[in-house]
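What follows is one structure encoded as structure tokens, with my remarks underneath.
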Amino acid sequence: MMPLLEANGLTKHYEVETGGFFRRTKTALRAVDGVDLTIEPGETLGLVGESGCGKSTLGRLLIRLVPATAGRVIFDGTEITELSPKALRAVRRGMQIVFQDPFGALNPRMSVEETVMEPLLIHGSRRNAAAREAVARMLEMVGLPNSARYRFPHEFSGGQRQRIGIARALILRPKLVVCDEPVSALDVSVQAQIVNLLSDLQAELGLTYLFIAHDLGVVKHISTRVAVMYLGKIVEVADKRSLYARPLHPYTQALLASVPITHPAQRKRGPTRETRITGDIPTALAPPSGCRFHTRCPHVMPVCRTEEPAMRTGEDGHQAACHLVPG
Amino acid sequence: MSLLTVSDLTTSFQTGGGEVTAVENVSFSLEKGEILGIVGESGSGKSVTALAIMGLLPRPPARIRGGSIQFEGQDLLKLSDRSMQRLRGPGIAMVFQEPMTSLNPVFTVGEQIMETIRAHENLSQKDSFGRAVEMLEKVGIPSASSRMTDYPHQLSGGQRQRVMLAMALVCRPRLLIADEPTTALDVTIQAQILELLMDLRDEFGMAIMMITHNMGVIAETADRVLVMYAGRVVEQAPISRLFDHPLHPYTRGLLSCVPTLDQDQERLIAIPGSLPEPSRRPPGCRFSSRCLSAVPACSEAIPALETFEPGHAAACIRIRDIA
């Protein structure tokens, strides 16, 4: 089967000024640094990593909300990194995004109906009865009452605002939806509602998701496959079950070991915490040589400091970029 | 005598739409060296309770309408501003969620820690410098003495939270209030900070009030737990009781709505609706509008906290029927 989306060598460098006032120099911040990724139709690919690892930038690169420095993206058979703005607009119908902050992502001066209808108008619909009918159907699908259409974002709770954001993303019936931390700004009791809604809509509309999150529990619940990102690189990709049961990369192992326990009886103190890592994520302005994780890795070897490990594919397609993983 | 005893604390805020009750009839106590977890979502009143104990609620618009806060035998609500100031630091200290906004951006890390020391103790510049460096080392800041001259923006989020902890602990408080201390941090850093907090508790023997919305953080740290919803305590229990036999429907909902790594669920068990605005709280039990076990009687009166087992109390009239 042909993947819905395929990225090769995708790279995004931001130029930032560093140094003192008089010795200003330009340095490249390597937000995303050579990512190969595929997303199969109908699946949910989870993308996890710590803040600053480049996961949001990658999500935006994949649907060309930001232009890539290098590399290419093929979406549904079309190479989109070089498309003209006009041709891109046609492709955009097929790919939409749901943002993290349901407060910042909605225009406070637009009613819910205007917000949800706007994508239709941009893509050529008239503001007519059919468009209003489409909005009404969409609101019902995301669980908002029809009376919501004339109200404004400030009248809604965080969870309901996220429903509005989802309605706006889905009204064009896209194939791919990038969900960028869609539940992390919500209260825990509301998170489950939105996660369930996203699952229901996926089944109903046959959607494909890229689900970006830092919560490993939510990602495990919703994903088909999971990709782990560290300092601009994908370090491990595997089927959800395989990744959580047998994480191969020491960074994935450390991430999983850092997740808080679910019952006080599992409390461990002292030396049993060896897989946990120390220190902070290094800066993307000067990523470490060789394997980027070597500065924090508990299993570091001399080769890790000099040679960047290639992505190796093991059984059942479990991929990891680590010198310890047999190739 | 308990280290801290809060009895019937009720606070309200004056808003454009009238007076709103933030915290109502909250009572709990905390023993020396104990870690009390306070769980609740935004709007549950957990942070307002903490700020009331610290004497940091801006009055007005806030108003303490009733109750008492006894710390080592004195009622904090009756203390003068000056005595309260003397107590903050060596008596009670607090760390906040946002290490970036709680640190002053125009002073170095060292200046801010030394300011705390010199406000409470008559130490020379040199001695307080030494104390500050020692404390930074204790919270795990590498090459602490050279970090003393760093400004907050030069540190990472995890390092800033460590500096906040150093500032809070440098006067050896008997009670540390940690208000969502790891919410803004990544999981790897969260694990480090929680471990550090537990180690420091063992070393200094201080009590900790751990305020969080994260049941995992509670499971990792707390000895006893208080669950708050819409300004009221709905359940109170020793840690393993709470996880093994949660009584209140809200607590049960909180424990089951979060997907975990050790189980697979087809569908998450969500709590319907969302927390009501303080001005639109339902009559009777405040959780009744979202509760799947609610009956008409739930809307008649606010249920009182009832003790079911020693140390385990819950405020729900349906517990015997739904158990």
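In what follows, every heavy atom counts, from backbone to side chain, and hydrogens, waters and symmetry copies are set aside.
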Subject >> Partners passing salt bridge (charged side-chain N to carboxylate O under 4.0 Å, His left out) against B:Asp150 (at least two apart in sequence or in another chain) >> reply: B:Arg147
Original post:
So which of B:Asn214, B:Val258, B:Asp264, B:Leu255 has the biggest tally of heavy-atom pairs under 4.5 Å with chain A?
Top reply: B:Asp264
Subject >> Shortest non-hydrogen contact from A:Leu47 toward A:Lys55 >> reply: CD2-O, 3.7 Å
**OP:** May I ask you to name which of A:Ser157, A:Gly49, A:Ser51, A:Gly52 has the most heavy-atom pairs under 4.5 Å with chain B?
**Re:** A:Ser51
Original post:
Where does B:Glu277 contact chain A at under 4.5 Å (heavy atoms): side chain, backbone, both or neither?
Top reply: neither
Original post:
So what's closer than 4.5 Å to chain A heavy atoms on B:Ile218: side chain, backbone, both or neither?
Top reply: backbone
Original post:
Taking everything shown except A:Arg246 itself, do over 12 heavy atoms lie less than 6.0 Å from its CZ?
Top reply: yes
Original post:
Hey, is the main chain of B:Pro152 close enough, under 3.5 Å, to the side chain of B:Arg160 for a donor-acceptor pair?
Top reply: yes
Subject >> Nearest heavy atoms of A:Ser184 and A:His214, plus distance in Å >> reply: CB-CE1, 3.8 Å
Original post:
Has A:Arg292 got its NZ or CZ under 6.0 Å from the middle of the six-membered ring of A:Tyr230, at an angle within 45 degrees of the ring axis?
Top reply: no
**OP:** Look at atom CD of A:Glu155 and say whether more than 12 heavy atoms of other residues, nucleotides or ligands are closer to it than 6.0 Å.
**Re:** yes
Subject >> salt_bridge(A:Arg225, A:Glu236) N-O dist < 4.0 Å >> reply: no
Subject >> Within residues 185-205 of chain A, residues adjacent to chain B where the heavy-atom gap is under 4.5 Å >> reply: A:Asp187, A:Val188, A:Ser189, A:Val190, A:Ala192, A:Gln193, A:Val195, A:Asn196, A:Asp200
Original post:
In terms of heavy-atom proximity below 4.5 Å to chain A, should B:Leu254 be classed as side chain, backbone, both, or neither?
Top reply: side chain
Original post:
Would A:Asp215 and A:Lys220 pass as an ion pair if we require N to O under 4.0 Å?
Top reply: no
Original post:
Within the side chain of B:Lys46, is there an N or O that forms a donor-acceptor pair under 3.5 Å with the backbone of B:Gly40?
Top reply: yes
**OP:** Flag the one option from B:His213, B:Arg267, B:Met215 with the top tally of heavy-atom pairs under 4.5 Å to chain A.
**Re:** B:Arg267
Original post:
In terms of heavy-atom pairs under 4.5 Å with chain A, which of B:Ile269, B:Leu268, B:Thr221 leads?
Top reply: B:Leu268
Subject >> Proximal component of A:Gln160, with respect to chain B [non-hydrogen, under 4.5 Å] >> reply: neither
Subject >> Partner chain A: residue of B:Pro272, B:Ser240, B:Gly158, B:Gly253 with the largest heavy-atom pair count (under 4.5 Å) >> reply: B:Pro272
Original post:
Just by modelled atom types, is the B:Pro246 backbone N or O under 3.5 Å from a matching donor or acceptor in the B:Arg252 side chain?
Top reply: yes
**OP:** Select, from B:Gly273, B:Ala270, B:Ala222, B:Ala219, the one with the greatest count of heavy-atom pairs under 4.5 Å involving chain A.
**Re:** B:Ala219
Original post:
Relative to chain A, which segment of B:Glu41 carries a heavy atom at a distance below 4.5 Å: side chain, backbone, both, or neither?
Top reply: both
